[in-house]
*Asks:* 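For reference, the structure I am asking about is given below.
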Amino acid sequence: MRNVNQAIKLLQDMEKGNHKPGIVMYSAIIGGLCKDEQIDTAQNLFKEMICKGVVPDVITYTSIIRGVCSLGMWKDAESYFQNMVNFGISPNVVTFSIMIDALCKDGKTEKAQTLFQLMSTRGVQPDVVTYNSWIDGLCNSDQREEATKLFYQMIGRGISPDVFTFNILIGVICKEGMVEKAQKLFDLMIQRGVKPGTIIYSALMNGYCLQNQMDEVTKVLHSMVVRRCGLCNVRRVTKVQELLKEMQARGPSPNVYTYSILLNGLFKNDSYEEAMRVFEEMENDGLKENIVTYNTVIDNMCKANNLDEANKLFDSLPSKSLKCDTMIFNIMIKNF
DNA sequence: ATAGGGTTAG
């Protein structure tokens with residue numbers, strides 16, 4: 001559904017020409033309106049289709065439930081849900097997943113838990129998407145241990161975690177400073193044939209940086225290259241910036257986050273020279289640095305007493321069409 | 001012509 005308004009016009013044309021739009025047509029438009037946050041129009045069309053004798057099915061209900069849920073209209077969600085059940089249309093795994101996800105994102109973890117249990121009661125089995133939403137919700141309400149339990153529960157039930165699951169868990173665990181645990185999950189991920197991308201590698205690097213284990217960061221970078229193209233073709237390189245070059249060429253590519261994480265880690269671990277080399281590498285890479293990157297570099301230039309260089313870099317920001325934010329002004333004011 | 005999920009940096 002690329003253009004809802006056009007679709008609505010089509011709907012009206014059909015009716016003028018004595019063609020009856022069917023359930024698929026209505027569901028598609030209602031779904032499109034919901035994605036456009038035109039919830040009133042969607043609800044009206046929903047009523048209208050019923051008046052015209054077109055009976056909504058599980059997809060129509062799920063679409064409109066998604067629409068009201070995403071706007072936090074829980075009363076409406078509940079009544080649509082109740083309605084469909086009363087009409088003998090069973091909510092399926094998608095219906096439940098959408099509601100659980102929306103509830104979690106709104107911080108209503110307990111309500112989500114109730115639904116998670118309700119679906120089992122109704123004989124609807126959660127799938128990988130349901131688990132991911134629920135695991136994410138638990139992580140965001142500081143119940144990471146419980147989330148880990150759910151992770152093993154899903155494996156026990158024969159539902160394979162995918163790259164979404166690992167992104168959620170590895171990211172959280174790294175931030176908690178338990179990088180060893182994250183590394184174990186990473187190993188499990190590889191063992192289960194789930195392919196890590198740039199984000200997982202960046203998150204792991206961040207985890208090791210936080211623990212000041214810069215040797216391990218280099219290993220992560222190395223495995224990023226190796227895993228993609230096979231051990232035999234890769235030189236055993238130890239220098240971070242050489243590894244970055246390799247990654248750029250053959251691995252999941254480093255992005256601006258990867259670089260910023262690395263820069264920050266190197267600065268914090270007294271590798272000023274190496275950090276500056278990585279920074280140059282980044283500029284040559286054609287990657288668009290952002291204000292966070294410059295922030296890190298300028299801050300550390302100041303700390304190393306290279307005030308002239310810091311000033312020069314700061315002055316160059318407008319020519320790179322980068323907008324300064326509060327943090328960078330604070331750094332500049334503090335140091336000059 | 002119809003419905004669902006995630007993530008990394010100062």
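As a basis for the values below, the full set of heavy atoms in this structure was taken, side chains included, without hydrogen atoms, waters or symmetry mates. Naming convention: chains lettered A, B, ... in sequence-line order (proteins, then strands); numbering from 1 in each chain.
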*Asks:* Applying a 4.0 Å non-hydrogen cut-off, can you work out what A:Leu10 is touching in the nucleic acid: base, sugar-phosphate, or nothing?
*Replies:*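 Base: the residue A:Leu10, judged by heavy atoms under 4.0 Å, touches a nucleobase.
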
*Asks:* Using whole Å, what does the distance between atom P of nucleotide B:dA9 and atom CG of A:Leu204 come to?
*Replies:*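 It works out to 12 Å between those atoms.
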
*Asks:* Within this structure, what is the CZ-to-C1' distance between A:Phe267 and B:dA9, rounded to whole angstrom?
*Replies:*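 The answer, rounded to whole Å, is 13 Å.
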
*Asks:* Which one, B:dT2, B:dA1, B:dA3, comes nearest to the side chain of A:Ser27?
*Replies:*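 For A:Ser27, the side-chain atoms sit closest to B:dT2.
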
*Asks:* Counting the atoms with a prime plus P, OP1 and OP2 as sugar-phosphate, which does A:Val172 contact under 4.0 Å by heavy atoms, base, sugar-phosphate, or nothing?
*Replies:*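 Here A:Val172 touches no strand at all.
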
*Asks:* With rounding to the nearest 0.5 Å, note down the distance linking CD1 in A:Ile333 to OG1 in A:Thr326.
*Replies:*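 A:Ile333 CD1 to A:Thr326 OG1: 10.0 Å, rounded to 0.5 Å.
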
*Asks:* Please check if the distance between the ring centroids of A:Phe164 and A:Tyr131 is under 6.0 Å.
*Replies:*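 That pair fails the under 6.0 Å test.
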
*Asks:* Choosing from B:dA3, B:dA1, B:dT7, which nucleotide comes nearest the side chain of A:Lys35?
*Replies:*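 Output: B:dA3.
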
*Asks:* Please identify which of these residues, A:Thr60, A:Ile50, A:Val54, meets the side-chain contact (heavy atoms from CB on, under 4.5 Å) condition with A:Tyr26.
*Replies:*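 Option passing the side-chain contact (heavy atoms from CB on, under 4.5 Å) with A:Tyr26: A:Val54.
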
*Asks:* Determine the contact category for A:Asn290: base if any of its heavy atoms lies under 4.0 Å from a base atom, sugar-phosphate if only primed atoms, P, OP1 or OP2 are that close, otherwise nothing.
*Replies:*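 Base contact - A:Asn290 has a heavy atom under 4.0 Å of at least one base atom.
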
*Asks:* Between B:dT8, B:dT7, B:dA3, which nucleotide gets closest to the side-chain atoms of A:Asp136?
*Replies:*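 Taking heavy atoms from C-beta onward, the closest nucleotide is B:dT7.
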
*Asks:* Please pick, from B:dT2, B:dT8, B:dA9, the nucleotide with the shortest atom-to-atom distance to any side-chain atom of A:Val24.
*Replies:*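 Of B:dT2, B:dT8, B:dA9, B:dT2 is nearest to the side chain of A:Val24.
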
*Asks:* A:Ile168 has an atom CD1; how far is it from atom C1' of B:dT8, in whole Å?
*Replies:*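 Atom-to-atom, A:Ile168 to B:dT8, this comes out as 14 Å.
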
*Asks:* Scan side-chain atoms only and decide if A:Ser133 and A:Ser97 contain a donor-acceptor pair under the 3.5 Å cut-off.
*Replies:*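 There is no such pair (donor and acceptor under 3.5 Å, judged by atom type) between the side chains of A:Ser133 and A:Ser97.
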
*Asks:* Quick one: which of B:dT2, B:dA3, B:dT8 gets closest to the side chain of A:Asp57?
*Replies:*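 Given the options B:dT2, B:dA3, B:dT8, the side chain of A:Asp57 is closest to B:dT2.
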
*Asks:* Compare the minimum distances between each of B:dA3, B:dT8, B:dG4 and the side chain of A:Ser63, then state the nucleotide with the smallest one.
*Replies:*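 Taking heavy atoms from C-beta onward, the closest nucleotide is B:dA3.
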
*Asks:* For a quick check of understanding: with a heavy-atom distance under 4.0 Å over all strands, which category does A:Ile59 fall into, base, sugar-phosphate or nothing?
*Replies:*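 Base, at least one base heavy atom under 4.0 Å.
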
*Asks:* Specify the separation, in whole Å, of atom CD1 of A:Ile200 and atom C1' of B:dA9.
*Replies:*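 These atoms are roughly 16 Å apart.
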
*Asks:* Check for me whether the distance between the ring centres of A:Phe46 and A:Tyr80 falls short of 6.0 Å.
*Replies:*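 Centroid separation for A:Phe46 and A:Tyr80: below 6.0 Å.
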
*Asks:* If you only use heavy atoms from C-beta on, which nucleotide in B:dG4, B:dT2, B:dA9 is closest to the side chain of A:Tyr257?
*Replies:*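 When the side chain of A:Tyr257 is considered, B:dA9 is the closest of B:dG4, B:dT2, B:dA9.
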
*Asks:* It should be established whether A:Asn206 places a side-chain nitrogen or oxygen under 4.0 Å from OP1 or OP2 of nucleotide B:dA9.
*Replies:*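 Yes.
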
*Asks:* Take atom CG of A:Leu262 and atom P of B:dT8, then tell me their distance rounded to the nearest Å.
*Replies:*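 Value for this atom pair: 18 Å.
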
*Asks:* Whether the A:Asn44 and A:Thr41 side chains hold a donor-acceptor pair (N or O, under 3.5 Å, no angle test) is what I'd like checked.
*Replies:*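 The criterion, which ignores hydrogens and geometry beyond distance, is not satisfied for A:Thr41 and A:Asn44.
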
*Asks:* Measure from the side-chain heavy atoms of A:Thr130 and tell me the nearest of B:dT8, B:dT2, B:dG4.
*Replies:*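 Looking only at heavy atoms from C-beta outward on A:Thr130, the closest nucleotide is B:dG4.
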
*Asks:* Rounded to whole Å, how long is the line connecting atom OH of A:Tyr131 with atom C1' of B:dG4?
*Replies:*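 About 16 Å, once rounded to whole Å.
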
*Asks:* So A:Thr296, base contact, sugar-phosphate only, or nothing? Heavy-atom distance under 4.0 Å.
*Replies:*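 It contacts sugar-phosphate atoms only.
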
*Asks:* Using the side-chain heavy atoms of A:Ala203, tell me which of these nucleotides is nearest: B:dT8, B:dT2, B:dG4.
*Replies:*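 Selected nucleotide (nearest to the side chain): B:dT8.
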
*Asks:* What is the distance from CG of A:Asn3 to P of B:dT2, rounded to the nearest Å?
*Replies:*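 Value for this atom pair: 16 Å.
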
*Asks:* Send over the distance from A:Lys195 NZ to B:dT7 C1', rounded to a whole Å.
*Replies:*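 Answer to the nearest Å: 19 Å.
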
*Asks:* Using the side-chain heavy atoms of A:Val58, tell me which of these nucleotides is nearest: B:dT7, B:dT2, B:dA3.
*Replies:*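 Nearest to the side chain of A:Val58 among the choices is B:dA3.
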
